[in-house]
Peer 1: 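Quick one: this structure, given as structure tokens, is what I'll be asking you about.
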Amino acid sequence: MAGKVFVSGGSGYIAGFLIRQLIAEGWEINTTIRNLAREAEVRGWLGVDNSKLHFFAADLVSDSGWAQAMAGCSHVAHVASPLPADKPLHEDELIVPAREGALRALRFAKAAGVKRFVMTSSVAAISYGHKGQTVFTEADWTDINSPDAYAYVKSKTIAERAARDWVAAEGEGMEFCTVNPSLVVGPLMAPDFSTSLESVKKLLEGSIPGLPRLGFGLVDVRDVADLHVKCLTAPGMAGERFIASGPFLWMEDMAAILRNGLGAQGRKVPKRRLPSWLMRILANFDPLVKQVVSELDNVRDNDASHAKAVLGWETRTAEESILDAARDMLRLGVVKL
Ligand code: NAP
């Protein structure tokens, strides 16, 4: 089965690997970027058969361009959503484009006769606001009223809920499902990388003085792309929700992987643990520390057994993903030792 897939946000990290895999499997792609002046740059990273890839200008917060970009597409992967490194001035900077973008993509998809719609949500929509719980499944939903639900977490939860509500009310004839990744790492196509690779970058360049007790479920960008492709093509996906995650690792574990795997190139990776009591004191003086303090000592282990059982999805090891990210950062000059 191959036809034309609409992928929103062709300049993004996950979208790039998804576009590559889809084109390798025989699909043609319509993708969006906010500014067509970036088309040549993005084509350069992707390195795919250019005749199979078409760019359209579209923004999550405007109707312009969406109808043209969806025309002739039977499948949609709605991947674009804001994922900034810094805290926004107001949470609506993330919530509005995330929610409005998802609804806009759904409306235009229905009008274009799209049959299958896969939305990139996040474990951010699953695992926040449940104090004491450490393992999460697709049955869990983030409580956006909880104090640990920061702007990005709210944006992903609100967008996924709004999309599911819209599909229940108006989505007849279109199968909808979500992929909910944890922290995405792995190889880079270009020096313009996703915020999710910041922790690997900071460890590699030694720009943090030690290792706070912060942990993440990690997943490889190639495995996330592959799960999207499975969701686009497998039968019976209506209403499905799939966590895309590998193991939960503390920063200490990530640092050990970098040091053991990189030899001399891992020389700046910190070794010292930063105790959580010290981090809590530092948070009074350092806004960056303040941003992460509510995450200290939290275990959010996302169980991806549903995707494995239903779709035969498999993941690379965390070692491979972290070391591929680090080696590409060195190769592309993102980190200079
Ligand atoms: P990314 O590299 O930052 O890509 C985000 C994409 O969204 C970019 O193409 C960006 O376009 C686009 N975008 C943002 N605001 C937009 C707007 N107002 N209008 C149009 N496009 C807009 O991030 P990513 O890691 O690939 O993330 C992609 C998706 O995966 C997002 O939905 C994110 O929430 C989700 N996700 C990511 C992770 C992770 O760890 N990376 C984990 C879970 C879920 P520009 O290039 O123009 O900014």
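All ligand and atom numbering here is 1-based and tracks the order in the structure. FYI, side chains are in, hydrogens and waters are out, and symmetry mates aren't considered; it's all heavy atoms of this structure. The shown structure was predicted, so the numbers you read here are calculated from the model rather than taken from an experiment.
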Peer 1: May I ask you to identify the nearest protein heavy atom to atom 4 (O) of ligand 1, giving residue, atom name and distance to one decimal place in Å?
Peer 2: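 Checked against all protein heavy atoms, atom 4 (O) of ligand 1 sits closest to G12 CA, 3.4 Å.
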Peer 1: On a heavy-atom basis, I'd like to know which of V7, T31, T120 is closest to atom 35 (C) of ligand 1.
Peer 2: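 Among V7, T31, T120, the closest heavy atom to atom 35 (C) of ligand 1 belongs to T120.
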Peer 1: May I ask you to identify the nearest protein heavy atom to atom 18 (N) of ligand 1, giving residue, atom name and distance to one decimal place in Å?
Peer 2: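 Ranking protein heavy atoms by distance from atom 18 (N) of ligand 1, first comes D59 OD1, 3.1 Å.
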Peer 1: Would you check if there is a donor-acceptor pair between the side chains of S121 and T178 at a distance under 3.5 Å?
Peer 2: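 No pair is found: no donor N or O on one side chain lies under 3.5 Å from an acceptor on the other.
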Peer 1: Which option wins on minimum heavy-atom distance to atom 6 (C) of ligand 1: A80, S194, A102, A159?
Peer 2: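 Selected option, by shortest heavy-atom distance: A80.
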Peer 1: For the residue pair Y150 and Q291, establish whether any side-chain heavy-atom pair is separated by less than 4.5 Å.
Peer 2: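 Y150 vs Q291: side chains apart.
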Peer 1: Quick one: do R331 and D328 make a salt bridge, cutoff under 4.0 Å?
Peer 2: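 A salt bridge is present here (some side-chain N lies under 4.0 Å from a carboxylate O).
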Peer 1: Taking NZ, NE, NH1 and NH2 as the nitrogens, is one of them in R38 or D192 under 4.0 Å from a carboxylate oxygen of the other?
Peer 2: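 A salt bridge links R38 with D192.
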Peer 1: Got R316 and R222 here, is their nearest side-chain heavy-atom distance under 4.5 Å?
Peer 2: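 Side-chain contact under 4.5 Å: yes.
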Peer 1: Looking only at distance, does V79 have an N or O less than 3.5 Å from an N or O of ligand 1?
Peer 2: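 Yes, at least one N or O pair falls under 3.5 Å.
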Peer 1: Distance under 4.0 Å to a non-hydrogen atom of R38: what atoms of ligand 1 satisfy this?
Peer 2: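 Selected atoms, number and element: 46 (O).
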Peer 1: I want to know if ligand 1 touches I14 in the polar sense, i.e. an N/O pair below 3.5 angstrom.
Peer 2: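 Between I14 and ligand 1 (N or O atoms, distance only) the closest approach is under 3.5 Å.
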Peer 1: Please work out, at 4.0 Å between heavy atoms, whether the side chain, the backbone, both, or neither of S182 comes within that distance of ligand 1.
Peer 2: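 Backbone only; the side chain of S182 stays clear of ligand 1.
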Peer 1: Can you sort out which atoms of ligand 1 are near L183, meaning under 4.0 Å from one of its heavy atoms?
Peer 2: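 That gives atoms 40 (O) of ligand 1.
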Peer 1: Is it true that K154 and E91 make a salt bridge, defined as a side-chain N closer than 4.0 Å to a carboxylate O?
Peer 2: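 Salt bridge between K154 and E91, a charged N being under 4.0 Å from a carboxylate O: yes.
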Peer 1: Can you list the ligand 1 atoms lying under 4.0 Å from a non-hydrogen atom of G9?
Peer 2: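 So the atoms of ligand 1 that pass are 9 (O).
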Peer 1: Would H54 and T31 count as having a side-chain donor-acceptor pair, cut-off 3.5 Å?
Peer 2: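 Looking only at side-chain atoms, T31 and H54 do not form any donor-acceptor pair under 3.5 Å.
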Peer 1: When you compare the side chain of W166 with that of R161, does any pair of heavy atoms fall below 4.5 Å?
Peer 2: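 Result no, sub-4.5 Å side-chain heavy-atom pair not found.
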Peer 1: Would V184 count as being in polar contact with ligand 1, using the rule that some N or O on each side must be under 3.5 angstrom apart?
Peer 2: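 N/O-N/O distance under 3.5 Å: yes.
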Peer 1: Which atoms of ligand 1 sit under 4.0 Å from any heavy atom of L83?
Peer 2: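 Selected atoms, number and element: 23 (O), 24 (P), 25 (O), 27 (O), 37 (C), 41 (N).
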Peer 1: What orientation do W27 and H75 show, parallel under 30°, tilted 30 to 60°, or perpendicular over 60°?
Peer 2: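 Judged by the thresholds at 30° and 60°, the geometry between W27 and H75 is perpendicular.
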Peer 1: What protein heavy atom is closest to atom 7 (O) of ligand 1, reported as residue, atom name and distance in Å?
Peer 2: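 The protein heavy atom lying closest is S81 N, 3.3 Å.
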Peer 1: Any N or O on V61 sitting closer than 3.5 Å to an N or O of ligand 1?
Peer 2: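 There is no such contact.
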Peer 1: Among F17, F216, Y13, Y152, which one puts a heavy atom closest to atom 36 (N) of ligand 1?
Peer 2: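 The option holding the nearest heavy atom is Y152.
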Peer 1: Between E205 and K201, does any side-chain N to carboxylate O distance fall below 4.0 Å?
Peer 2: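 Salt bridge present between E205 and K201.
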Peer 1: What is the closest protein heavy atom to atom 10 (C) of ligand 1, and at what distance does it sit?
Peer 2: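 Nearest protein contact, heavy atoms only, for atom 10 (C) of ligand 1 is S11 OG, 4.1 Å.
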Peer 1: Is any side-chain N of the basic residue among D148 and R300 closer than 4.0 Å to the acidic one's carboxylate O?
Peer 2: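 Yes.
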Peer 1: Have a look at R34, E198, E100, E93 and point out the one with the heavy atom closest to atom 21 (N) of ligand 1.
Peer 2: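 Of the listed residues, R34 has the closest heavy atom.
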Peer 1: Pick whichever of I33, L60, L197 has a heavy atom sitting closest to atom 19 (N) of ligand 1.
Peer 2: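 Nearest option to atom 19 (N) of ligand 1, by heavy atoms: L60.
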Peer 1: Where's the contact between S121 and ligand 1, heavy-atom distance under 4.0 Å: side chain, backbone, both or neither?
Peer 2: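 The backbone, only.
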Peer 1: Pull out every atom of ligand 1 sitting under 4.0 Å from any heavy atom of S196, numbered as shown with elements.
Peer 2: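 Selected atoms, number and element: 39 (C), 40 (O), 41 (N).
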Peer 1: Would you say the side chain of F17 lies within less than 4.5 Å of the side chain of P187, judging by non-hydrogen atoms?
Peer 2: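 Contact flag for P187/F17 side chains = yes.
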Peer 1: Kindly say whether the aromatic ring centers of F6 and W66 come within a distance under 6.0 Å.
Peer 2: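 Centroid separation for F6 and W66: below 6.0 Å.
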Peer 1: Which atoms from ligand 1 have a heavy atom of P181 less than 4.0 Å away?
Peer 2: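 So the atoms of ligand 1 that pass are 42 (C), 43 (C), 44 (C).
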